[in-house]
There are 2 protein chains.
Amino acid sequence: MARPSTAAETPELADENYDLAEQVGFIMRQAAQRHVSIFNEIMGSDLTPTQWAVLARLYQDGGSSQNLLGRQTAMDAATIKGVVDRLLKRKLVQTKPDPEDGRRLIVELSPAGVDYTRELLPKAETVTKVTLAPLATNQRATLIALLKQLR
Amino acid sequence: MARPSTAAETPELADENYDLAEQVGFIMRQAAQRHVSIFNEIMGSDLTPTQWAVLARLYQDGGSSQNLLGRQTAMDAATIKGVVDRLLKRKLVQTKPDPEDGRRLIVELSPAGVDYTRELLPKAETVTKVTLAPLATNQRATLIALLKQLR
DNA sequence: GGGATATCGTTCGTATACGAACGAGGACCA
DNA sequence: TGGTCCTCGTTCGTATACGAACGATATCCC
């Protein structure tokens, strides 16, 4: 490892083997960036990956409370609120109070949201396909299995 | 796949096999979230993963122009500017104009930044270790090799 | 020399991400 | 019944992320 020009010359050899470019976190961030880039190309820039996650989850399993929806799509309460608000503004989603629990807000797809989601499903499948294109078929299953263990 | 309550009943069976929870992008986002969470626990909340990436890169290879530094740490020009600005405010980094190119701003570690980075190196190694802890040794190399193909 | 082209750093706007704090509502038990 | 504790949704502040546009500077090539 090269020394920075301003470094005092007391190299602790024990740490000289740290290479940023070899750390999982850094590599994973780059892979995720490429994925988002592919997503934007294919899905169009008017929908983000997190917004799509919400639509897809609601399409699969119907409405749920806002916080639960956030858990199902890997967003905390503050983040899911912003996403739902933006989907509400576009009328892809609608909300209503939960009659059984005064704290809860039920979020579900609007009819327009259902149509919109259904139209985008083939593109979403393409996103996954293109993202995994550099890998051989058996490698794709391996990668997904390994990533699942890191959740 | 369950139908959303507001869906018209015209299932296109071709798309019924899309499951959000099985898409690489979604799984990768969750794995990245866990990694960041581990990072924050170990490194302390006063430094972010991207800020660390900048410090580590400068420590390894010395100063470089701001945009090049961004490329090396996987950030675009707008993002790297914000990160450098915040590191400047903490005096972990210093800048100077490039005498050979009037457009360039050279960014390098300050002496305090060198010390700070060197102290954190062992913790950074721990972050990688803990992140990969759920995997067997041979699986770790496999995962990294696969992720590298997705950049 | 000078014009076309490219790069550099900056700024703006929008969208995640998430910690922290808050009030309202619900569950539980003494 | 009343108190304690938890969950829910909301808001604030900070930090990535990145597209788009801009002016300043370099480079290339006729």
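Computed from heavy atoms alone, side chains included, the values below leave out hydrogens, waters and symmetry copies. The model shown is predicted, which means the values in this text are computed figures rather than measured ones.
Comparing C:dG9, D:dT25, D:dT7 by their nearest atom to the side chain of B:Asp101 picks out D:dT25. Here the nucleotide nearest the side chain of A:Gln66, chosen from C:dC18, D:dG9, D:dA15, is D:dG9. When distances are taken from the side chain of A:Arg71 to each of C:dA17, C:dC8, D:dC8, the shortest belongs to D:dC8.
Regarding contacts with the backbone of D:dA26, every side-chain N or O of B:Arg104 stays at 4.0 angstrom or more from both OP1 and OP2. Phosphate proximity of D:dG9 to A:Lys81: absent, as no side-chain N or O sits under 4.0 Å from OP1 or OP2. Listed pair B:Thr48 / D:dT16 meets the phosphate criterion, a side-chain N or O lying under 4.0 Å from OP1 or OP2. Regarding contacts with the backbone of C:dT10, every side-chain N or O of B:Arg103 stays at 4.0 angstrom or more from both OP1 and OP2. Contact between the side-chain N/O atoms of B:Gln51 and the OP1/OP2 oxygens of D:dT16 is found at a separation under 4.0 Å.
Proximity of B:Lys96 to B:Glu108: side-chain heavy atoms (C-beta onward) are separated by under 4.5 Å at one or more points. Between A:Glu41 and A:Thr126 the shortest side-chain heavy-atom distance does not fall below 4.5 Å. In this structure the side chain of A:Val54 reaches within 4.5 angstrom of the side chain of A:Leu87, judged on heavy atoms.
With rounding to whole Å, B:Glu100 atom CD is found 15 Å from C:dC8 atom C1'. Counting to the nearest Å, the C1' atom of D:dT16 and the CE atom of A:Met28 are 16 Å from each other. One interatomic measurement links the two molecules: CE of B:Met75 to P of D:dG19, which rounds to 15 Å at whole-angstrom precision. If you take CD1 of A:Ile80 and P of D:dT7, they are 18 Å apart, rounded to a whole angstrom. Note: CD (A:Gln30) to C1' (D:dA17) measures 14 Å, nearest angstrom. Distance B:Leu87 CG to D:dA15 P: 10 Å, rounded to the nearest Å. Separating the CG atom of A:Asp46 from the P atom of D:dG19 is a distance of 15 Å, rounded to the nearest angstrom. Between A:Leu105 atom CG and C:dA24 atom C1' there is a gap of 14 Å when expressed in whole angstrom units.
Looking at which nucleotide of DNA chain D each of B:Gly82 and A:Ala78 is closest to, the 5′-most match is held by A:Ala78. For the pair B:Leu68 and A:Pro49, nearest-nucleotide mapping onto DNA chain C gives the more 5' position to B:Leu68. Ranked by how close their nearest DNA chain D nucleotide is to the 5' end, B:Asp76 and A:Asn67 are led by A:Asn67.
The pair B:Lys81-B:Asp85 meets the salt-bridge criterion, with a side-chain N (NZ, NE, NH1 or NH2) lying under 4.0 Å from an Asp/Glu carboxylate O. A salt bridge links A:Lys148 with B:Glu22: the distance from a Lys NZ or Arg NE/NH1/NH2 to an Asp or Glu carboxylate oxygen falls below 4.0 Å.
The two residues A:Arg34 and B:Leu150 make their nearest non-hydrogen contact at CD-O, 3.0 Å.
Across all strands shown, A:Thr50 has heavy atoms under 4.0 Å from sugar-phosphate atoms exclusively, and none from any base. Here B:Val83 lies in heavy-atom contact (under 4.0 Å) with sugar-phosphate atoms only.
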